[in-house]
A.B. asks: 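The structure that follows is given in the form of structure tokens.
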Amino acid sequence: MDIQTGQIVSTPSTLESLEKQLSCPICLDMFTKPVVILPCQHNLCRSCANDLYDSRNPYHFSGGIFRCPTCRFEVVLDRHGVYGLQRNLLVENIIDIYKQQLENGGGGGLEPPLKDKDTKELMCQEHEDERINIYCVTCQVPTCSMCKVFGQHKDCEVSPLKSIYEVQKAELKNSVDMLASSNNCMQAMIAQMEDTCKTVEENSQLQKQRLGEKFDLLYAILEERKAQLLDHITQEQDEKVAVVRSLVQQYNEQLQASTKLMDRASQSMDNSNIAEFLISAKKFIAEAKDTAKNSQIQRPEPGFEKMDHFTLFTDDVEAMLAKMDFEAGEEDEEDFEEAEEEEEE
């Protein structure tokens, strides 16, 4: 900054660095006020931070957590959510100065970023002295002007590289956003499935306890049956947990593959060479769409975690056992048979 004029004076390289520092890692645009600072000292638009927080904490019980998209630091929030985070007034002031200088223009103000002179440009393979400067819409490949005038693309429809670059970059950004949204859904589903596993185990343990309490009322002749019923519960528990664990593993694999693809696509967006970007963008866009399309959300059926069908009722058995005796007389036997007939009726 010029101390006498109060204007920002920067070279193209410092300008690009400043723009990068003032970009939100979620929306990839310049920060939108208010700007919040995380405990890890990274900044986010509060609206973007709120969207990220909502995707990880859909129920908003009391506070929640989400990870910083820059360093993956786990941010723990209280009941105020992202509105409890401190605003970064310094960054907001820098953005105001930056925008003001762009509006003023000229004379010591900010100039549009220039292309780095050291950047290596791709040259046409057919015409080695010609740089790639147009895009063949018909063949969907970057090419040079000579190819359009005299070469194999003379009958094709062409367009400036810049326009195709902006279109495909926007399309790739949308694809990356779709992947991010899909990943958030899968992460939420994995968390719900982990809770389902825990609920299945807790309900199973509760039924075991109830079953044990009922069998404690019976004599030793029922112990073998008790063990058999316990095995039935354990077997269904293992089967249900195995099903959910299998789904969790599938989602983890999809999440890992999707995250890797998102990282590679995000890295390609940072490529300053337009031609190289266009060559790889189409592939990433197709892969991103296929990955997002194939990430189908599956979940266990409602009531899958319940184990109520293992509840054991022993009232009739207890009543029958209460009337049993080691040496029943004839009168006692008759009373016992009458009691059984009344219960059957």
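All residue numbers in this chain count up from 1 along the given sequence. The model shown is predicted, which means the values in this text are computed figures rather than measured ones.
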A.B. asks: State, yes or no, whether a side-chain contact exists between Val244 and Phe304 at a heavy-atom distance under 4.5 Å.
C.D. replies: yes
A.B. asks: Between the side chain of Lys240 and the main-chain N/O of Lys306, is any donor-acceptor distance below 3.5 Å?
C.D. replies: yes
A.B. asks: Grouping I, L, V, M, F, W and Y whenever their side-chain heavy atoms are under 4.5 Å apart, do Met193 and Val243 come out in a common cluster?
C.D. replies: yes
A.B. asks: Tell me, do Tyr135 and Thr143 make a side-chain contact under 4.5 Å, heavy atoms counted?
C.D. replies: no
A.B. asks: Just by modelled atom types, is the Asp177 backbone N or O under 3.5 Å from a matching donor or acceptor in the Ser181 side chain?
C.D. replies: no
A.B. asks: Does Met30 form a side-chain contact (heavy atoms from CB on, under 4.5 Å) with Cys24? I'd like the steps, not just the answer.
C.D. replies: CA-CA 6 Å; Met30 183 172 294; Cys24 174; over 6 Å; no
A.B. asks: Using 0.5 Å steps for rounding, measure from the CG atom of Asn50 to the CG atom of Leu77.
C.D. replies: 9.5 Å
A.B. asks: If every non-hydrogen atom of Phe73 is compared with every non-hydrogen atom of Pro39, which pair is closest and at what distance?
C.D. replies: CE2-CB, 4.0 Å
A.B. asks: Without swapping roles, check the side chain of Asn252 against the backbone of Val248 for a donor-acceptor pair under 3.5 Å.
C.D. replies: yes
A.B. asks: Any donor-acceptor pair under 3.5 Å linking the side chain of Thr196 with the backbone of Gln192?
C.D. replies: yes
A.B. asks: Is the CD atom of Gln86 crowded by more than 12 outside heavy atoms at less than 6.0 Å?
C.D. replies: no
A.B. asks: Consider only side-chain heavy atoms of I, L, V, M, F, W and Y, link residues closer than 4.5 Å, and tell whether Tyr165 and Val176 are in one cluster.
C.D. replies: yes
A.B. asks: List the steps and the verdict of salt bridge (charged side-chain N to carboxylate O under 4.0 Å, His left out) for Glu92 and Lys33.
C.D. replies: CA-CA 7 Å; Glu92 294 181 7; Lys33 296 192 296 184; 5.1 Å; no
A.B. asks: Answer yes or no: is there a donor N or O on one side and an acceptor on the other, between the side chain of Thr138 and the main chain of Glu157, under 3.5 Å?
C.D. replies: yes
A.B. asks: Quick check: closest heavy atoms across Ile132 and Pro142, and the distance to 0.1 Å?
C.D. replies: CG2-CB, 3.4 Å
A.B. asks: Carefully, step by step, assess Val35 and Arg46 under the rule side-chain contact (heavy atoms from CB on, under 4.5 Å).
C.D. replies: CA-CA 6 Å; Val35 179; Arg46 188 160 70 186; over 6 Å; no
A.B. asks: Going only through I, L, V, M, F, W and Y residues with side-chain contacts under 4.5 Å, is there a path from Leu44 to Tyr83?
C.D. replies: yes
A.B. asks: Has Glu166 got more than 12 heavy atoms of other residues, nucleotides or ligands less than 6.0 Å from its CD?
C.D. replies: yes
A.B. asks: Where do Ile65 and Tyr53 come nearest, in terms of heavy atoms and distance?
C.D. replies: N-CE1, 4.4 Å
A.B. asks: Nearest 0.5 Å, what's the CG-CD distance between Leu38 and Gln41?
C.D. replies: 9.0 Å
A.B. asks: Look at the side-chain heavy atoms of Ile, Leu, Val, Met, Phe, Trp and Tyr, link any pair under 4.5 Å apart, and say whether Tyr98 and Val91 land in one connected group.
C.D. replies: yes
A.B. asks: First locate atom CG of Leu90, then atom CD1 of Ile37, and finally report the distance between them rounded to the nearest 0.5 Å.
C.D. replies: 9.0 Å
A.B. asks: Mind checking whether Arg210 and Gln207 have side chains closer than 4.5 Å, heavy atoms only?
C.D. replies: yes
A.B. asks: Check whether any side-chain heavy atom of Gln235 sits under 4.5 Å from a side-chain heavy atom of Asp231, and report yes or no.
C.D. replies: no
A.B. asks: Side chain of Thr311, backbone of Asp308: donor and acceptor closer than 3.5 Å?
C.D. replies: yes
A.B. asks: Report yes or no: do Met178 and Met269 belong to one cluster of Ile/Leu/Val/Met/Phe/Trp/Tyr joined by side chain heavy-atom distances under 4.5 Å?
C.D. replies: no
A.B. asks: In Å and rounded to the nearest 0.5 Å, what is the CD to CG distance from Gln168 to Leu161?
C.D. replies: 10.5 Å
A.B. asks: Determine the minimum heavy-atom distance between Ser163 and Pro160, stating which atoms define it.
C.D. replies: OG-O, 2.8 Å
A.B. asks: What distance separates Leu172 CG from Ser280 OG, expressed to the nearest 0.5 Å?
C.D. replies: 8.0 Å
A.B. asks: Judged by modelled atom types alone, do Glu305 and Thr199 share a side-chain donor-acceptor pair under 3.5 Å?
C.D. replies: no
A.B. asks: With a 4.5 Å limit on heavy-atom distance, are the side chains of His153 and Cys139 in contact?
C.D. replies: yes
A.B. asks: Taking it one step at a time, do Glu194 and Arg245 satisfy salt bridge (charged side-chain N to carboxylate O under 4.0 Å, His left out)?
C.D. replies: CA-CA 8 Å; Glu194 292 291 350; Arg245 292 291 186 188; 3.2 Å; yes
A.B. asks: Got Lys208 and Gln237 here, is their nearest side-chain heavy-atom distance under 4.5 Å?
C.D. replies: yes
A.B. asks: So do Asn183 and Met262 actually touch side chain to side chain, heavy atoms under 4.5 Å?
C.D. replies: yes
A.B. asks: Evaluate side-chain contact (heavy atoms from CB on, under 4.5 Å) for Met307 paired with Ile233, printing each intermediate quantity in order.
C.D. replies: CA-CA 8 Å; Met307 305 287 286; Ile233 294 179; 4.0 Å; yes
A.B. asks: Say you draw a straight line from NZ of Lys99 to CD1 of Ile95; how long is it, rounded to the nearest 0.5 Å?
C.D. replies: 6.5 Å
A.B. asks: Would a 4.5 Å heavy-atom cut-off, applied to side chains only, mark Val36 and Asn43 as touching?
C.D. replies: no
